[in-house]
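One is the number of the first residue; the rest follow in order along the sequence. Heavy atoms only: backbone and side chains are in, while hydrogens, waters and symmetry mates are out.
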Amino acid sequence: MKFELVDSLRGAPDETLLEDLRRSAKAIGRDTITIAEYGEVGKAHPCTIQRRFGSWPKALELAGLQPSRSKIGISDEELFENIKSLWISVGRQPRYSEVKTPLSLFSAGTYEKRFGSWSKALREFVEWVNADSPNQSTNTDEELDVARTTYNDSTKRRSRREISDRQRFRILVRDGFRCKACGASPLNLPGTELHVDHILPWSKGGETIDENLETKCKQCNLGKGNAFIS
Ligand SMILES: [Zn+2]
């Protein structure tokens with residue numbers, strides 16, 4: 001199968017090959033792609049690309065993609081971000097057998113090597129997600145500053161309005177990836193877009209804390225906005 005496709009793109013114009021590189025990167029949800037990944041989802045053989053453009057990095061550059069990093073250089077942060085995306089894709093805790101392309105950027109083996117086992121990786125991941133809570137943040141000085149002032153009644157400063165990715169994820173998990181108003185979920189209604197938003201709007205004094213956040217589908221979320229105006 002693969003070899004028929006290779007032959008079909010071997011004589012293709014440069015732009016067709018570059019376009020397929022971009023399409024493949026998009027298909028795996030990234031702004032770059034490795035030779036191995038392209039070998040799985042690309043229409044041409046990676047060798048065709050390398051030969052045409054001189055090297056893999058050169059082809060990525062011409063396609064307007066980011067340079068790919070070696071798997072050895074993957075940070076814990078990237079591994080956790082990937083679990084988060086995977087969790088959102090399947091709408092629940094990902095199973096060991098699901099830790100593979102196309103949903104996952106990294107294999108289960110990568111997690112086993114780093115954390116000892118998939119279940120240990122999940123445990124570390126949950127800690128990472130929870131470490132984002134404003135009262136236990138250990139990240140930047142700015143975040144610590146916000147955390148301090150959030151719990152200080154003597155100041156008018158409040159929690160930041162923006163909901164972080166990790167907090168959003170925590171709320172989605174807490175709410176079971178379902179709209180709190182109508183129950184719609186990507187699991188029972190494919191294409192459902194879930195939003196995490198303030199219950200009491202930030203503009204009306206609502207804080208960006210888990211207790212004041214909830215999951216709503218796009219439709220119900222828009223409806224809520226109107227309800228507060230009327
Ligand atoms: Zn809804």
To the nearest 0.5 angstrom, please state how far the [atom1] atom of [X] sits from the [atom2] atom of [Y].
X    : Y    : atom1 : atom2 : answer
D197 : C220 : CG    : SG    : 12.5 Å
R22  : L17  : CZ    : CG    : 10.5 Å
D165 : E81  : CG    : CD    : 6.0 Å
I171 : N212 : CD1   : CG    : 9.5 Å
H45  : Q50  : NE2   : CD    : 9.0 Å

Donor-acceptor check, side chain of [X] to backbone of [Y], threshold 3.5 angstrom: yes or no?
X    : Y    : result
S104 : T101 : no
N130 : V126 : yes
E124 : A121 : no
R161 : W202 : no
D31  : Q66  : no
E78  : S75  : yes
W128 : R123 : no

Would you please name every residue forming a side-chain contact (heavy atoms from CB on, under 4.5 Å) with [X], sequence neighbours left out?
X   : result
S24 : D20, I33, Y38, V41
K58 : S55, E61, L62
D14 : R52, F53
S97 : R95

Are [X] and [Y] packed together at the side-chain level, in the sense that at least one heavy-atom pair is separated by less than 4.5 angstrom?
X    : Y   : result
L103 : V90 : yes
F106 : I83 : no
K43  : R23 : yes

Quiz item: Under 4.0 Å between a Lys/Arg side-chain N and an Asp/Glu carboxylate O for E112 and R114?
Solution: no
Please list, one pair per line, the donor and acceptor atoms closer than 3.5 Å that link side chains of residues 172-187 to other protein atoms, with sequence neighbours excluded.
residue: R174; atom: NH1; partner: D210; partner atom: O; Å: 2.9
residue: R174; atom: NH2; partner: L213; partner atom: O; Å: 2.7
residue: D175; atom: OD2; partner: T215; partner atom: N; Å: 2.9
residue: D175; atom: OD2; partner: T215; partner atom: OG1; Å: 2.8
residue: S185; atom: OG; partner: F177; partner atom: O; Å: 2.9
residue: S185; atom: OG; partner: L187; partner atom: N; Å: 3.0

Quiz item: Among R160, Q167, H198, which residue meets the side chain to side chain donor-acceptor pair (under 3.5 Å) test with T208?
Solution: H198
Quiz item: Strictly under 6.0 Å, is that where the ring centroids of F169 and F125 end up?
Solution: yes
Self-check item: With sequence neighbours excluded, residues passing ring pair (Phe, Tyr, Trp, His ring centres under 6.0 Å) with F115
Solution: F80
Exercise. Go through E214 and K216 one step at a time and tell me if the salt bridge (Lys or Arg N to Asp or Glu O under 4.0 Å) criterion holds.
Key: CA-CA 6 Å; E214 67 178 357; K216 284 267 185 81; 3.3 Å; yes
Practice problem: Kindly determine whether W87 and L122 satisfy side-chain contact (heavy atoms from CB on, under 4.5 Å), including the steps that lead there. | Solution: CA-CA 11 Å; W87 201 304; L122 281 174; 4.1 Å; yes
Exercise. Test salt bridge (Lys or Arg N to Asp or Glu O under 4.0 Å) on E77 and K84 and set out the steps.
Key: CA-CA 10 Å; E77 186 89 4; K84 194 175 73 182; over 6 Å; no
